[in-house]
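Have a look at this one before I ask anything.
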Amino acid sequence: MTMSPPRPVGAERAAWIRQAFADRRLVRVAGAHDGLTARLAEQAGFDAVWASSFGISAAACLPDVSLLGLAEYLSASTAMHRAVEVPVLADCDTGFGGSINAAYTMMQFESAGIAAVCIEDKVFPKRNSFVGAGQQLLAAEEFAGKLQAAAEARSRRDTLLIGRTEALICGEDIDEALRRCHLYVEAGADAILIHSKASGPGEVIEFLRRWERRAPVVVVPTTYAAWDSADAAEAGVDMVIYANQALRALVSAVRSTWSAVLEHGSSGPIEQDIAPVRDIFAISQLDTWLGRER
Ligand code: SPV
Ligand code: MG
């Protein structure tokens with residue numbers, strides 16, 4: 001597996017991911033929750049953007065426990081898609097209901113230009129994977145039905161469907177995670193996401209060894225944060241999602257900025273630490289917009 005693929009071009013975002021998978025190039029993805037955080041991810045050099053349910057919920061100051069609905073996720077994902085040229089992967093939780101809802105989810109996100117839809121095998125209302133209690137898996141066969149409905153609802157060849165298993169999150173073993181992922185690929189998932197809340201990559205590595213590259217594998221190394229992406233690629237990972245680091249960085253930065261302003265009685269002493277207004281103009285392409293007006 002090689003690193004640093006050439007960047008995707010806007011028009012064919014989903015096809016770019018498929019090609020990267022076929023070429024065994026590790027796809028590095030950054031979590032975002034709005035147009036600004038998506039564009040910052042793109043400018044940093046990430047290959048794609050993850051429209052995170054955790055991030056979108058947190059931006060509304062809500063916990064990631066299925067409070068927001070399809071329309072809100074779609075609106076946030078569309079803003080991200082419009083802000084960047086790279087592919088956007090939509091975190092669609094449990095697909096907002098049963099099989100027909102999963103199909104409708106695919107139709108809506110695909111027609112908004114989203115490159116990949118990810119659905120996970122928990123019972124609605126799902127809780128964020130790192131919430132300690134109340135994690136409940138949906139029966140694998142029922143979830144496979146949802147994936148099949150979503151896969152069949154696609155109208156473009158390249159749009160990707162990612163089947164995410166929360167088996168390890170819910171305390172099941174690797175056998176069960178493997179059984180589920182095999183079922184999900186048979187049902188039409190183009191890639192699988194194996195989520196883990198372990199403090200090291202051990203269980204994911206074991207999963208990868210036994211998976212034998214049956215289909216592309218996505219991982220989210222939040223709790224096993226020190227796993228180097230080159231090592232992950234070597235172990236058989238095709239896509240790595242840094243799902244919430246930007247959100248957490250934002251919270252830290254805003255907190256320390258505001259406490260400094262209150263402490264010093266002005267923003268003077270920290271002006272050099274925060275982005276200048278002209279930087280925000282540049283990120284949001286002010287000149288391009290003023291050019292349009294002209
Ligand atoms: C998200 O970013 O919303 C995810 C990843 O689903 S996690 O928060 O790790 O569950
Ligand atoms: Mg999520």
Side-chain angles (χ1 to χ4, degrees), residues 27-34 37-38 40-41 46 48-70 72-77 80 87-97 102 105 109 114 116-138 143 146 150 160-172 177 184 189 191-201 203-204 207 217-227 232 237 239-251:
V27 179
R28 291 180 296 182
V29 184
H33 55 268
D34 59 12
T37 49
L40 288 171
F46 281 92
V49 166
W50 167 251
S52 157
S53 70
F54 182 40
I56 294 167
S57 302
C61 210
L62 289 169
D64 181 21
V65 293
S66 305
L67 297 174
L68 298 178
L70 183 151
E72 287 147 314
Y73 279 99
L74 181 61
S75 156
S77 302
M80 293 182 232
V88 173
L89 286 58
D91 174 6
C92 290
D93 283 355
T94 58
F96 309 105
T105 297
F109 281 77
I114 298 302
V117 163
C118 178
I119 306 179
E120 67 190 69
D121 59 358
K122 285 204 304 235
V123 169
F124 178 89
K126 69 103 222 205
R127 295 178 175 190
N128 180 271
S129 307
F130 302 121
V131 176
Q135 302 287 352
Q136 206 189 334
L137 278 178
L138 189 67
F143 184 67
K146 286 169 76 166
L160 289 120
L161 176 63
I162 303 173
R164 163 171 166 175
T165 186
E166 294 277 292
L168 302 178
I169 297 289
C170 294
E172 297 290 340
Y184 301 165
I192 56 106
L193 189 159
I194 177 78
H195 205 4
S196 165
K197 57 182 178 185
S199 56
E203 65 182 12
V204 170
F207 174 93
V217 175
V218 184
V219 299
V220 184
T222 299
T223 53
Y224 49 103
W227 199 23
V237 169
M239 176 184 281
V240 58
I241 302 179
Y242 300 99
N244 50 47
Q245 286 77 4
L247 176 69
R248 289 155 55 206
L250 185 154
V251 168

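Below, all heavy atoms of this structure are taken into account, side chains as well, without hydrogens, waters or symmetry copies. Residue numbers start at 1 and run along the sequence shown. Remember, it's 1-based here, ligands and their atoms both numbered in the order they're listed. Just so it is clear, the model here is predicted, and its values are computed rather than measured.
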Proximal candidate to atom 7 (S) of ligand 1 [heavy atom criterion; set His33, Lys126, His195]: His195
Is Ser53 close enough to the Mg ion (ligand 2) to have an N, O or S atom under 2.8 Å? yes
Under a 4.5 Å cut-off applied to non-hydrogen side-chain atoms, are Trp50 and Cys118 in contact? yes
Near Ser129, which atoms of ligand 1 are under 4.0 Å from a heavy atom of that residue? 10 (O)
For Thr222 and ligand 1, does the shortest N/O to N/O distance drop below 3.5 Å? no
Does Asn244 reach the side chain of Ser52, with side-chain heavy atoms less than 4.5 Å apart? no
Would you mind checking which non-hydrogen protein atom is closest to atom 2 (O) of ligand 1, with the distance to 0.1 Å? Ser52 OG, 2.7 Å
Look at the N, O or S atoms of Asp91, main chain and side chain alike, and state whether any lies under 2.8 Å from the Mg ion (ligand 2). yes
Within the structure, does Val220 bring an N/O atom to less than 3.5 angstrom of an N/O atom in ligand 1? no
Protein contact of atom 6 (O) of ligand 1 - nearest heavy atom, named by residue and atom, plus distance: Arg164 NH1, 2.7 Å
Just by distance, with hydrogens left out, do Gln136 and Lys122 show a side-chain donor and acceptor under 3.5 Å apart? no
List the closest protein heavy-atom neighbour of atom 8 (O) of ligand 1: residue, atom name, distance to the nearest 0.1 Å. Asn128 ND2, 2.9 Å
For the residue pair Phe109 and Ala90, what are the closest heavy atoms and their distance? CD2-CB, 3.5 Å
Do Leu70 and Thr105 have side-chain heavy atoms sitting under 4.5 Å apart? yes
Among side-chain atoms of Asp91 and Ser53, is any donor-acceptor pair under 3.5 angstrom? yes
With heavy atoms only and a cut-off of under 4.0 Å, state how Ile241 meets ligand 1: side chain, backbone, both or neither. neither
For the aromatic rings, using the six-membered ring if either is Trp, is the centroid distance between Tyr73 and His33 under 6.0 Å? no
For ligand 1, note which part of Lys197 has a heavy atom under 4.0 Å away: side chain, backbone, both or neither. neither
Are a donor atom and an acceptor atom from the side chains of Ser129 and Glu166 found within less than 3.5 Å of each other? yes
Option whose closest heavy atom lies nearest to atom 1 (C) of ligand 1, chosen from Asn244, Asp91, Leu247: Asp91
